[in-house]
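Positions are given from 1 along the sequence.
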Amino acid sequence: MVLVLTACSVSYKFNGASIDYSKTKTIQINDFPIRSSYVWGPMGPMFNNQLKDQFASHTRLEQVRRNGDLKIEGEITQYQQRNKSVSAEGYSAQTELSMTVNVRFTNNVNHNEDFERQFTATSVYETTQSLNSVQEELVGQMVKDLCDQIFNATVANW
């Protein structure tokens, strides 16, 4: 029984990652360029840094510039705001901010897990606030949500 338990090389952690570190040792995460027509300058670096940090802090995978066992690449395809709700006076009461990324995931150890998929995150703010006053916080929340979604889809097998 002890030999069976120690022979198992799949690592399960509370963060949800299930990676066979005996086969998968490296990950390549390319920077995601912004392809959206509406842009807030800092969102690109915020997203790219958060995504790399997520994998660095929740896995033992070594991040490499090329030829990774796992490869994540894509682009930020949409960043927009729209009216979410209307007040009794007929004016916008809430505005929804959304961010969408297109992700191409390649698993060079098991190509059956490869995919290309879009992930979207949204945040709502009161229209009485200016976008400039809440944008950094809201984009930070959306970036965290997007990185969680990507992490779960790529290495947590959710």
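Applying the salt bridge (Lys or Arg N to Asp or Glu O under 4.0 Å) criterion to Arg66, with sequence neighbours excluded, gives no partner residue. Residues meeting the side chain to side chain contact (heavy atoms under 4.5 Å, CB included) test with Asn132, sequence neighbours left out: Ser130, Gln135. For the side chain to side chain contact (heavy atoms under 4.5 Å, CB included) test, residues two or more places apart in sequence or in another chain that qualify with Ala56 are Gln63. For Asp69, the salt bridge (Lys or Arg N to Asp or Glu O under 4.0 Å) test picks out no residue, with sequence neighbours left out. In this view, Thr127 and Ser92, Thr95 satisfy the side chain to side chain contact (heavy atoms under 4.5 Å, CB included) rule, not counting sequence neighbours.
Among residue pairs with one or both ends in residues 68-87, those qualifying as ring-ring contact (aromatic ring centres under 6.0 Å, His included) are Tyr38-Tyr79; sequence neighbours excluded. Under the salt bridge (charged side-chain N to carboxylate O under 4.0 Å, His left out) criterion, no residue pair touches residues 38-48, with sequence neighbours excluded. Listed by first and then second residue, the salt bridge (charged side-chain N to carboxylate O under 4.0 Å, His left out) pairs that reach into residues 21-42 are Asp31-Lys52, sequence neighbours excluded. Legend: ring-ring contact (aromatic ring centres under 6.0 Å, His included) pairs involving residues 114-143, not counting sequence neighbours, sorted by first then second residue: Phe105-Phe115. Residue pairs meeting the side-chain hydrogen bond (donor to acceptor under 3.5 Å, both in side chains) criterion with at least one partner in residues 97-109, sequence neighbours excluded, are Glu75-Asn102, Glu75-Arg104, Thr100-Thr120, Asn102-Glu116, Asn107-Glu113. Evaluation of the salt bridge (charged side-chain N to carboxylate O under 4.0 Å, His left out) test over residues 90-99, restricted to residues two or more places apart or in two chains, returns Arg82-Glu96, Lys84-Glu96. Counting only residues at least two apart or on different chains, no salt bridge (charged side-chain N to carboxylate O under 4.0 Å, His left out) pair has a member in residues 124-141.
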Evaluate side-chain contact (heavy atoms from CB on, under 4.5 Å) for Ile19 paired with Thr59, printing each intermediate quantity in order. CA-CA 8 Å; Ile19 300 169; Thr59 71; 3.6 Å; yes
Report the C-alpha separation of Gln141 and Asp145 in whole Å, then their side-chain angles, then the decisive distance to 0.1 Å, and conclude whether the side-chain hydrogen bond (donor to acceptor under 3.5 Å, both in side chains) test is met. CA-CA 6 Å; Gln141 292 169 3; Asp145 183 17; over 6 Å; no
Steps toward side-chain contact (heavy atoms from CB on, under 4.5 Å) verdict (Leu51, Phe151): CA-CA 8 Å; Leu51 186 61; Phe151 183 87; over 6 Å; no
Assess whether side-chain contact (heavy atoms from CB on, under 4.5 Å) is satisfied between Phe55 and Thr154, documenting all intermediate values. CA-CA 10 Å; Phe55 282 86; Thr154 55; 3.3 Å; yes
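Between Phe47 and Val139 there is no side-chain heavy-atom pair separated by less than 4.5 Å. A 4.5 Å side-chain heavy-atom check between Leu146 and Gln149 finds at least one atom pair inside the cut-off.
Considering all non-hydrogen atoms of both residues, Ile72 and Val103 come closest at CG2-CG1, 4.1 Å. In terms of heavy atoms, Gly74 sits closest to Pro33 at O-CD, 3.2 Å.
Note: the hydrophobic cluster containing Val64 does not contain Val109 (ILVMFWY, side chain heavy atoms under 4.5 Å, direct or indirect links).
Shown are Val143, Asp148, Ile150; of these, the side chain to side chain contact (heavy atoms under 4.5 Å, CB included) with Gln54 is made only by Asp148.
Separation of atoms CE (Met43) and CD1 (Ile76) is listed at 5.0 Å; rounding is to 0.5 Å. Rounding to the nearest 0.5 angstrom, the gap separating the CG atom in Asn67 from the OG1 atom in Thr26 is 8.5 Å. With rounding to the nearest 0.5 Å, the separation of CZ in Arg60 from OG1 in Thr24 is 11.0 Å. Lys144 contributes atom NZ, which lies 12.5 Å from atom CE of Met46 (distance to the nearest 0.5 angstrom).
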